[in-house]
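Below is one structure, written out as structure tokens, with a few remarks after it.
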Amino acid sequence: MSPMNGPLPVKRERLADQVVNRLRSWLASDFNPGDRLPPEPQLMDHFQVGRSTIREAVGVLTYAGILHVRAGDGTFFKGFSEPQNSLTELFNQEQIAEVFEIRRALEMAIAGLAAEKRTEEELSRIEEAVLKGKDCIQSRDLAGFLKADFDFHNALVGATHNNVLIRVYRNFRASWLEDMSGFVEREGFRENLIELHEKLYHAIKRRSVAEAQEIWLKTSNPFE
């Protein structure tokens, strides 16, 4: 592991977003899987930001599966996904449209079945995830937003009551998580995503299968 003299201090604008980006780059260039990150005070000094910003950035990368926090032992670098399992590699090969076509078809099936089969309890879980996502946008909690997004889609696919679809979707979605941690930092991305979630929630609440599917059909690719 190289000494802590690489990245320059970040600008005081969108600090958590910048620290996530700088920390990802630093991990990629100077760390090996299994390496332990410097303690929190050293990270604060290294990036010249406060404790809450460091914790938010670490939280985002932990939820993305890149870091692992062991209570009382420190934070460790787990590594990045293998290229063949990462959407980033597909994006670099200019296949982003094809990837989104697959996702949209899967999401349309899930939305339609959820609208048809959901229970009131499942609807409440979907609504709770939407509200949590909106709160995280207001508080600029990136890690919290990632979890709210995961909880929303988890509740949605659970409401289909189709065990095969649930297993297929959860395996497929696991490959998106690392990439989400990068896109979620983009200006406007979170707001657009939560608007989509809110529309889907209302369609599912009305038990409108056609409306729920139409929402996804008309959705442009948010990863472009």
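Residue numbers run from 1 in the order of the sequence given.
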#### Entry: Check: M44 and V49 side chains under 4.5 Å, non-hydrogen atoms
no
### Query
What orientation do W216 and H153 show, parallel under 30°, tilted 30 to 60°, or perpendicular over 60°?
tilted
Validation: residues 68-80 side-chain donor-acceptor distances under 3.5 Å, sequence neighbours left out:
none

### Closest heavy-atom pair and its distance - A212, A115
CB-CB, 4.3 Å
### Query
Looking at residues at least two apart in the chain, or sitting in another chain, which of them share a salt bridge (charged side-chain N to carboxylate O under 4.0 Å, His left out) with E211?
R206
### Summary
To the nearest 0.5 Å, atom CZ of R140 lies from atom OG of S52 at 11.5 Å
### Query
What distance do Q18 atom CD and R22 atom CZ have between them, rounded to the nearest 0.5 Å?
6.0 Å
### Query
Got a donor-acceptor contact below 3.5 angstrom from the N192 side chain to the F189 backbone?
no
### Query
Would you say I66 and L23 make side-chain contact, with heavy atoms under 4.5 Å?
no
#### Entry: Residues in side chain to side chain contact (heavy atoms under 4.5 Å, CB included) contact with P39, at least two apart in sequence or another chain
P41, Q42
### Sequence-distant partners of E128, side chain to side chain contact (heavy atoms under 4.5 Å, CB included), two or more places apart
none
### Task
List the atom of I194, the atom of V130, and the distance in Å for their closest heavy-atom pair.
CD1-O, 3.6 Å
### Message
Could you check whether any side-chain heavy atom of D149 comes within less than 4.5 Å of a side-chain heavy atom of H197, counting everything from C-beta outward?
### Response
yes
### Query
Are L200 and F152 close enough that some pair of their side-chain heavy atoms sits under 4.5 Å apart?
yes
### Summary
The side chain to side chain donor-acceptor pair (under 3.5 Å) partners of R207 (sequence neighbours excluded) come to none
### Query
For the residue pair C136 and G144, what are the closest heavy atoms and their distance?
SG-C, 3.4 Å
### Message
Grouping I, L, V, M, F, W and Y whenever their side-chain heavy atoms are under 4.5 Å apart, do L131 and I137 come out in a common cluster?
### Response
no
### Task
For the residue pair V157 and L113, establish whether any side-chain heavy-atom pair is separated by less than 4.5 Å.
no
### Query
Quick one: NE2 on H202 to CD1 on I215, what's the gap to the nearest 0.5 Å?
9.5 Å
### Task
Taking side chain to side chain donor-acceptor pair (under 3.5 Å) as the test, write out the residues that go with K147, two or more places apart.
D151
### Query
Between E56 and L142, is there a donor-acceptor pair closer than 3.5 Å when you use the side chain of the first and the backbone of the second?
yes
### Task
Return the set of residues passing side chain to side chain donor-acceptor pair (under 3.5 Å) with T119 (not counting sequence neighbours), or none when no residue passes.
E122
### Task
Search all heavy atoms of A143 against all heavy atoms of G59 and return the closest pair with its distance.
CB-C, 3.5 Å
#### Entry: Single-linkage hydrophobic cluster, 4.5 Å side-chain cutoff, L217 and V209 together
no
### Message
To the nearest 0.5 Å, what is the distance between CZ on R190 and CD on Q138?
### Response
11.0 Å
### Message
Show every salt bridge (charged side-chain N to carboxylate O under 4.0 Å, His left out) that has at least one partner inside residues 108-119, sequence neighbours left out.
### Response
R118-E120
### Message
Let me confirm one number: the CG-CD1 distance from L156 to I126, rounded to the nearest 0.5 Å.
### Response
5.0 Å
### Query
Any side-chain heavy atom of L27 sitting closer than 4.5 Å to one from L37?
yes
### Query
Does D135 offer a backbone N or O that forms a donor-acceptor pair with the side chain of S139 under 3.5 Å?
yes
### Query
What residues form a salt bridge (charged side-chain N to carboxylate O under 4.0 Å, His left out) with K132, not counting sequence neighbours?
none
### Query
For E40, which residues count as a salt bridge (charged side-chain N to carboxylate O under 4.0 Å, His left out) partner, sequence neighbours excluded?
R51, R55
### Summary
Contacts of D141 meeting side chain to side chain donor-acceptor pair (under 3.5 Å) (sequence neighbours excluded), chain-then-number -> none
### Query
Going by heavy atoms in the side chains, are F47 and W26 under 4.5 Å from each other?
yes
### T160 side chain near Y169 side chain, heavy-atom distance below 4.5 Å
no
### Query
Side chain of S25, backbone of N21: donor and acceptor closer than 3.5 Å?
yes
#### Entry: Any residue meeting salt bridge (charged side-chain N to carboxylate O under 4.0 Å, His left out) with E195, in chain and number order, not counting sequence neighbours
K199
